[in-house]
Novice: 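Following this message is one structure expressed as structure tokens.
Residue numbers begin at 1 in each chain, while the letters A, B, ... track the order of the sequences.
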Number of protein chains: 2
Amino acid sequence: MAETQGATVDRVRLAPFGDALGFLLRLAQIDSFERFFADLGHLDLRPGELTVIVLLEGNPGVRQGVLAEALKIKRAHMAKMVRALGEAGLIRREVPEDDRRAVELYLTEAGATLARRLRPAVTAHEARTPATLTPAETATLKRLLRKYLALTDPEGTTP
Amino acid sequence: MAETQGATVDRVRLAPFGDALGFLLRLAQIDSFERFFADLGHLDLRPGELTVIVLLEGNPGVRQGVLAEALKIKRAHMAKMVRALGEAGLIRREVPEDDRRAVELYLTEAGATLARRLRPAVTAHEARTPATLTPAETATLKRLLRKYLALTDPEGTTP
DNA sequence: TATTGTTATACTCTATAACTATA
DNA sequence: TATAGTTATAGAGTATAACAATA
């Protein structure tokens with residue numbers, strides 16, 4: 001009864017996962033996700049939808065398959081998301097003349113308005129350094145993650 | 001038709017997500033996950049189950065709630081997983097004398113055999129440095145992730 | 001034949017709340 | 001009252017395959 005939580009015998013030996021990169025990445029991603037939605041959860045958008053809306057602002061007319069590839073989500077999933085966003089009146093889908101299989105995505109007026117509302121919140125969130133890291137350490141962490149991903153371009157363009 | 005894949009106009013401007021820690025962590029985790037199951041996917045265990053089996057080898061008798069907390073998974077999810085593992089004959093559940101609400105987990109013979117088979121594959125996978133990073137960079141990346149998580153102990157024990 | 005997107009299905013993990021039995 | 005675990009339900013994300021239209 002001395003212990004108020006997590007109590008009992010514990011301390012779990014996490015070996016051989018305690019120092020595994022994949023495990024650390026998973027915990028870090030959970031934490032980062034929680035931080036993200038602590039900041040932005042009040043807008044009732046799902047994570048994927050928020051990402052698509054904000055990215056469409058900088059990529060008008062992008063093909064949904066291309067966007068899916070950049071975000072590492074499956075085309076089937078993107079199709080569902082795009083339909084939902086279309087039904088919500090946030091995006092518009094256009095079939096280009098030169099390839100009538102494809103679909104190009106654009107924000108509607110409502111979507112653009114939402115994107116403008118979202119962007120500052122997203123930017124503010126990202127400017128914040130995690131409490132446990134110095135700004136220099138955060139920069140190093142990001143640089144190493146980009147190198148790990150072979151994503152050398154810090155400008156935000158996929159190769 | 002010059003482009004064989006990902007083709008078309010593309011290059012997606014990922015701003016303002018391209019340099020976001022959460023976004024980089026997500027991509028890194030997907031990549032790490034793919035690498036993990038490229039190595040270990042032939043054993044038909046689900047990710048969570050594999051983790052529990054291997055950890056139980058080093059934590060006999062751990063309470064399932066404690067394990068759930070350490071792995072950042074919900075107790076409800078752990079309950080389902082534990083039931084499935086029990087039905088598969090891999091783990092044994094014991095109610096301790098001193099607190100009859102609790103459940104302590106142990107590997108059965110079959111579970112221990114499986115764990116012994118899993119462990120070398122897990123260890124080998126983790127010893128491998130990602131191709132794009134030097135060993136020193138990998139060490140730095142892990143150190144920064146641990147610091148980000150306020151997980152200062154490299155030995156693999158949760159605080 | 002290959003590609004773009006769609007639909008359908010199923011599975012993994014997550015989130016929540018209501019429930020039991022114990023404490 | 002609070003805690004450990006269970007059950008049920010819903011939802012998000014993912015994986016897969018079959019399909020239509022187009023290239």
Side-chain angles (χ1 to χ4, degrees), chain A residues 1-10 26-27 29-31 33-34 36-38 41 44-52 61-69 71-87 91 93-105, chain B residues 1-10 26-27 29-31 33-34 36-38 41 44-52 61-69 71-87 91 93-105:
Chain A
M1 63 229 23
E3 311 91 343
T4 45
Q5 68 148 347
T8 58
V9 200
D10 38 0
R26 175 171 168 272
L27 293 188
Q29 214 232 318
I30 291 172
D31 185 90
F33 197 85
E34 279 170 3
F36 190 75
F37 278 85
D44 64 343
L45 272 180
R46 310 204 285 236
E49 294 177 348
L50 183 148
T51 308
V52 168
V62 70
R63 296 189 182 186
Q64 68 182 57
V66 172
L67 192 55
E69 194 185 350
L71 296 175
K72 304 283 186 192
I73 68 181
K74 288 284 173 295
R75 295 182 165 205
H77 182 32
M78 181 60 83
K80 271 197 300 188
M81 215 155 55
V82 154
R83 186 176 47 152
L85 290 173
E87 285 169 0
I91 67 173
R93 305 159 68 245
E94 260 185 38
V95 174
E97 286 299 315
D98 58 312
D99 186 347
R100 309 208 8 234
R101 298 170 302 181
V103 176
E104 296 175 346
L105 305 179
Chain B
M1 64 214 33
E3 311 90 345
T4 46
Q5 68 148 345
T8 57
V9 200
D10 37 2
R26 176 171 168 271
L27 293 188
Q29 214 232 319
I30 291 173
D31 185 90
F33 196 85
E34 279 171 2
F36 189 74
F37 277 86
D44 64 343
L45 273 179
R46 311 203 287 234
E49 293 177 348
L50 184 149
T51 308
V52 168
V62 70
R63 296 190 181 185
Q64 67 181 55
V66 172
L67 193 54
E69 194 186 350
L71 296 175
K72 304 283 186 194
I73 68 181
K74 288 284 173 297
R75 295 181 165 208
H77 182 34
M78 180 61 84
K80 273 197 299 189
M81 214 156 54
V82 154
R83 186 176 48 151
L85 289 173
E87 285 169 0
I91 68 173
R93 305 160 67 245
E94 261 184 38
V95 175
E97 287 299 315
D98 59 311
D99 186 347
R100 306 206 14 231
R101 297 169 304 181
V103 176
E104 296 176 345
L105 305 179

Novice: With a 4.0 Å cutoff (strictly under), does any side-chain N or O of A:K74 reach OP1 or OP2 of D:dT14?
Specialist: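 A:K74 to D:dT14 OP1/OP2: no side-chain N or O under 4.0 Å.
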
Novice: If you assign each of A:R46 and A:R100 to its closest nucleotide in DNA chain D, which residue comes earlier from the 5' end?
Specialist: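 Its nearest nucleotide being more 5', the pick is A:R46.
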
Novice: Could I get a table of every N or O pair under 3.5 Å where one atom is in the protein and the other is in nucleotides 5-8 of chain C?
Specialist:
| from | atom 1 | to | atom 2 | distance (Å) |
| --- | --- | --- | --- | --- |
| C:dG5 | OP1 | A:V103 | N | 3.0 |
| C:dG5 | OP1 | A:V103 | O | 3.4 |
| C:dG5 | OP2 | A:G65 | N | 3.0 |
| C:dT6 | OP1 | A:R93 | NH2 | 2.0 |
| C:dT6 | OP2 | A:Q64 | NE2 | 2.5 |

Novice: Determine, for A:R63 against A:D99, whether the closest basic-nitrogen to carboxylate-oxygen distance falls under 4.0 angstrom.
Specialist: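 Yes, charged N to carboxylate O under 4.0 Å.
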
Novice: Just the rounded figure in Å: distance from C1' of D:dA4 to CG of B:D98.
Specialist: 13 Å

Novice: Rounded to the nearest 0.5 Å, how far apart are CE of A:M81 and CG of A:L71?
Specialist: 7.0 Å

Novice: Separation of A:R26 atom CZ from C:dT12 atom P, in whole Å?
Specialist: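 Going from A:R26 (CZ) to C:dT12 (P), I get 15 Å.
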
Novice: Between CD1 of B:I73 and CE of B:M78, what distance do you get to the nearest 0.5 Å?
Specialist: 3.5 Å

Novice: Return the minimal non-hydrogen interatomic distance between B:L50 and B:F36, and the atom names on each side.
Specialist: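 Nearest pair, atom of B:L50 first, then B:F36: CD2-CZ, 3.9 Å.
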
Novice: Provide, to the nearest angstrom, the distance between the CG atom belonging to A:L71 and the P atom belonging to D:dA12.
Specialist: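 The distance from CG of A:L71 to P of D:dA12 comes to 18 Å, rounded to the nearest Å.
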
Novice: Tell me the interatomic distance from B:D99, atom CG, to D:dA2, atom C1', rounded to whole angstroms.
Specialist: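 Between C1' of D:dA2 and CG of B:D99: 12 Å.
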
Novice: Taking atom P of C:dT22 as reference, at what distance in whole Å does atom CD of B:E97 sit?
Specialist: 13 Å

Novice: Could you point out which residue of B:E87, B:R93, B:R75 forms a side chain to side chain contact (heavy atoms under 4.5 Å, CB included) with B:V82?
Specialist: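 For B:V82, the side chain to side chain contact (heavy atoms under 4.5 Å, CB included) check succeeds only for B:R93.
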
Novice: For A:E69 and C:dT3, give me the distance from atom CD to atom C1', rounded to whole Å.
Specialist: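 Rounded to whole Å, this separation is 13 Å.
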
Novice: Taking atom P of D:dA4 as reference, at what distance in whole Å does atom CD of B:E94 sit?
Specialist: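 Atom-to-atom, B:E94 to D:dA4, this comes out as 19 Å.
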
Novice: Can you measure B:F33 atom CZ to C:dC11 atom C1' for me and round it to whole angstrom units?
Specialist: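 From B:F33 CZ to C:dC11 C1': 12 Å.
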
Novice: Please name the pair of heavy atoms, one in A:P96 and one in A:A102, separated by the smallest distance, quoted to 0.1 Å.
Specialist: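 Closest approach of A:P96 to A:A102: CD-O, 3.4 Å.
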
